[in-house]
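Scroll down for the structure; my scribbles are underneath it.
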Amino acid sequence: ASHRVRVDAADGGAPSHTPRFAKRDPTHTPPLAMAKTRRTKHRTHVEATAKPGETKNDVPKSFVMKRGKLCDLVSDLTEDVRKVMEPHTAVNLKESKTNKLKDFVQVAGPLGISHFLILSATDRSKYVKICRAPRGPTLSFRVHKYTLAREVQSSQKNPRSPPSAFRSPPLVVLNNFGDAPHQKLATITFQNLFPPINVKKVKLSTCQRAVLIDYDKTTNRFQFRHYSISAAPTGANRSLRKLLTTRQAPDLGALTDVSEFFERAGDASDASDSEGEDAVAARVDLTQDYNRVAKAESRSRVILQEIGPRMELELTKVEEGMCEGRVLYHAYVQKTEDEVVALEQKKVDSDALRKSRKEEQEQNVRRKEKEKTEKLALAEELAGRKKRKRDKSKADETKSTFDKHFDKKYNVGGINDIAKEKRDKRRKAEQKEKREGGGDETGGGHSVGRASAGKSAGGKDGKGKPKGGKPAGKDGKGKGKAPIPKSNARPGKSVRAKKR
């Protein structure tokens, strides 16, 4: 038999074996159970909030997509541009060839998307369009040369692209931009692609990347570069700086003492091995902690290392709307004022024609829908009539004679009312015929015919006696009425009812 172990306090805590169905001690008090506490909910998904010094509405967000028949040629460049625009961009955006631009515009409003970067390709070149959603303007750039991020990093000895650098937006540095209207518009567009920075409230640890755009006046092209920013302390031994910046343990197997690691020849130089003479100008005094090595109130040197991609862009066209509208600037086509006015008038006429056609089409659609609904309603009504008629005929066929007499007697289903309506209608038609065709002659004919019919129906012979030797009336003396034949019976009333 199975047993369970119970510890009694009277026995000094010694276990005693009792059967399963043994009676419990009424004086035994079970230990107090701990009260159930409510589970604390931990939020696993925290909504992205704006950085200090900026509001949520001020943060620009973007869609980076590829469009066109030869869009596969710029798929790698599209992914690199998305990395540049992180974190305020749709990284996993899946576009298809069936999607139209208006589909993205409709989604952009609820998601707070402010800019579209559209990459396309033709047989001659590749293009980048920067659009301000939802009403423009649109800047079209021609890509003369470009280098992917993986190609840039493959050419470096120690490439640096930490994932933590893409958690915050990059800094924007514009250089040599002119005062022409299209140059000013390009300046504003590039600045608004990324969130603004409040110098008083910004954290240095969030400044991990930089985007440099330089304008060359001789070639009228923009040089696009993408860098990662890092800081390292100065005034220390090179071996010590390397030990602090890297997480790998150095190889000390060939050394007899640790001091030899710091006193090796060539390690006493304070200049950077990559910056040369510009190392002194790149030194800054930090006011905040930048990383685990560069602390506040210490002198450090700023290091820029290219991540990629590189692009050489040329501004070819500026449009007023979202990839459409009046052309504000064109690099190769110049038009006179008359041509511009004619084009604007043509645009207005085409918009008016499009609007009128759309209204006409909507009216036709509404009319067709109305006709369709009426047709369906008529078909349903006819089908219902046929069904009711078919059901009624089936019911009449299956009814017995007793059921038919019962229905007529108690007016089941209103059959007597229907017969009355038919009778009244027939009477009115007869009265109308009498009024129109002379009621006197028609009435006399009817009475004569009725009398002759009654005489023939009575079955009297020449002596005035009914056939069969029976009396015509109830008492057999010929005083009662003759029976009304079925042919002259009123509709809806049986012969037996008439007799009553």
Side-chain angles (χ1 to χ4, degrees), residues 60-68 71 73-89 91 114-122 124-132 137-156 159-161 165-166 168-178 180 182-197 207-229 303-318 329 331:
K61 299 179 182 179
S62 60
F63 273 164
V64 182
M65 67 190 80
K66 57 182 184 296
R67 308 292 295 165
C71 60
L73 300 177
V74 291
S75 58
D76 295 336
L77 184 59
T78 304
E79 296 297 330
D80 291 345
V81 175
R82 284 179 183 171
K83 293 290 291 183
V84 175
M85 302 303 296
E86 285 187 13
H88 303 300
T89 188
V91 181
S114 59
H115 291 82
F116 285 5
L117 279 77
I118 304 173
L119 286 82
S120 60
T122 61
R124 300 181 63 181
S125 182
K126 298 172 177 61
Y127 298 89
V128 177
K129 287 186 177 182
I130 302 177
C131 310
R132 182 72 168 87
T138 302
L139 280 71
S140 300
F141 295 90
R142 182 180 180 182
V143 182
H144 288 273
K145 298 178 183 178
Y146 72 95
T147 305
L148 299 177
R150 65 170 181 266
E151 297 173 350
V152 172
Q153 295 178 7
S154 63
S155 62
Q156 298 174 352
R160 182 181 181 275
S161 178
F166 297 94
S168 57
L171 308 177
V172 184
V173 181
L174 306 179
N175 188 31
N176 295 331
F177 276 66
H182 62 280
Q183 292 288 330
K184 292 181 179 179
L185 184 59
T187 303
I188 296 172
T189 303
F190 284 124
Q191 286 178 348
N192 293 336
L193 277 176
F194 304 96
I197 298 174
C207 302
Q208 298 285 337
R209 293 183 295 140
V211 172
L212 174 62
I213 303 175
D214 180 68
Y215 178 68
D216 190 357
K217 296 182 180 180
T218 58
T219 58
N220 293 329
R221 296 179 182 177
F222 299 89
Q223 302 294 332
F224 182 91
R225 298 289 186 273
H226 185 212
Y227 297 96
S228 67
I229 304 174
I303 304 172
L304 295 180
Q305 190 166 356
E306 189 171 2
I307 302 176
R310 295 181 185 179
M311 287 188 290
E312 186 175 336
L313 308 173
E314 179 187 2
L315 182 60
T316 57
K317 186 169 63 172
V318 178
Y329 167 79

Is any side-chain heavy atom of [X] closer than 4.5 Å to a side-chain heavy atom of [Y]?
X	Y	value
Val84	Pro309	yes
Val211	Phe224	yes
Pro60	Asn192	no
Leu193	Met85	yes
Val173	Ile213	no

Drop me the distance from [X]'s [atom1] to [Y]'s [atom2], to the nearest 0.5 angstrom.
X	Y	atom1	atom2	value
Phe177	Lys184	CZ	NZ	14.0 Å
Arg150	Ser155	CZ	OG	13.0 Å
Met311	Leu148	CE	CG	10.5 Å
Leu185	Tyr329	CG	OH	11.5 Å
Thr122	Leu73	OG1	CG	9.5 Å
Arg67	Thr78	CZ	OG1	11.5 Å

Of the non-hydrogen atoms in [X] and [Y], which two are nearest, and what is the gap between them?
X	Y	result
Glu314	Asn220	CG-O, 3.7 Å
Glu86	Phe166	OE1-CB, 3.4 Å
Pro87	Ser168	CD-C, 3.6 Å
Arg209	Pro170	NH2-CD, 3.3 Å
Ser161	Gln153	CB-NE2, 3.7 Å
Ser120	Val74	O-CG1, 4.0 Å

Between Phe116 and Lys129, is the side-chain contact (heavy atoms from CB on, under 4.5 Å) condition met? List the steps. CA-CA 8 Å; Phe116 285 5; Lys129 287 186 177 182; over 6 Å; no
Are the side chain of [X] and the backbone N or O of [Y] linked by a donor-acceptor pair below 3.5 Å?
X	Y	value
Arg132	Ser114	yes
His226	Gly308	yes
Arg82	Val64	yes
Ser125	His144	no
Ser228	Gln305	yes
Arg310	Lys145	no
Arg221	Glu312	no
Thr89	Ser62	yes
Gln156	Glu306	yes

Against Ile130, only a single residue in Thr138, Thr189, Ile118 fulfils side chain to side chain contact (heavy atoms under 4.5 Å, CB included); can you say which?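 Going through Thr138, Thr189, Ile118 one by one, the side chain to side chain contact (heavy atoms under 4.5 Å, CB included) with Ile130 is satisfied by Thr189 alone.
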For Lys66, enumerate each residue passing the salt bridge (charged side-chain N to carboxylate O under 4.0 Å, His left out) test, keeping only those at least two apart in sequence or located in another chain.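 Here the qualifying residues are Glu95.
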Can you list everything that forms a salt bridge (charged side-chain N to carboxylate O under 4.0 Å, His left out) with Arg160? Sequence neighbours excluded, please.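 Arg160 satisfies salt bridge (charged side-chain N to carboxylate O under 4.0 Å, His left out) with no residue once adjacent residues are dropped.
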Among all residues two or more places apart in sequence or in another chain, which pass the ring-ring contact (aromatic ring centres under 6.0 Å, His included) test with Phe141?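 Checked Phe141 against ring-ring contact (aromatic ring centres under 6.0 Å, His included); matches are Phe190, Phe222.
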Do the side-chain N and O atoms of Ser140 and Thr316 include a donor-acceptor pair separated by under 3.5 angstrom?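 Distance-only check fails for Ser140 and Thr316.
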side-chain contact (heavy atoms from CB on, under 4.5 Å) between Val128 and Val81: does it pass, once the steps are laid out? CA-CA 11 Å; Val128 177; Val81 175; over 6 Å; no
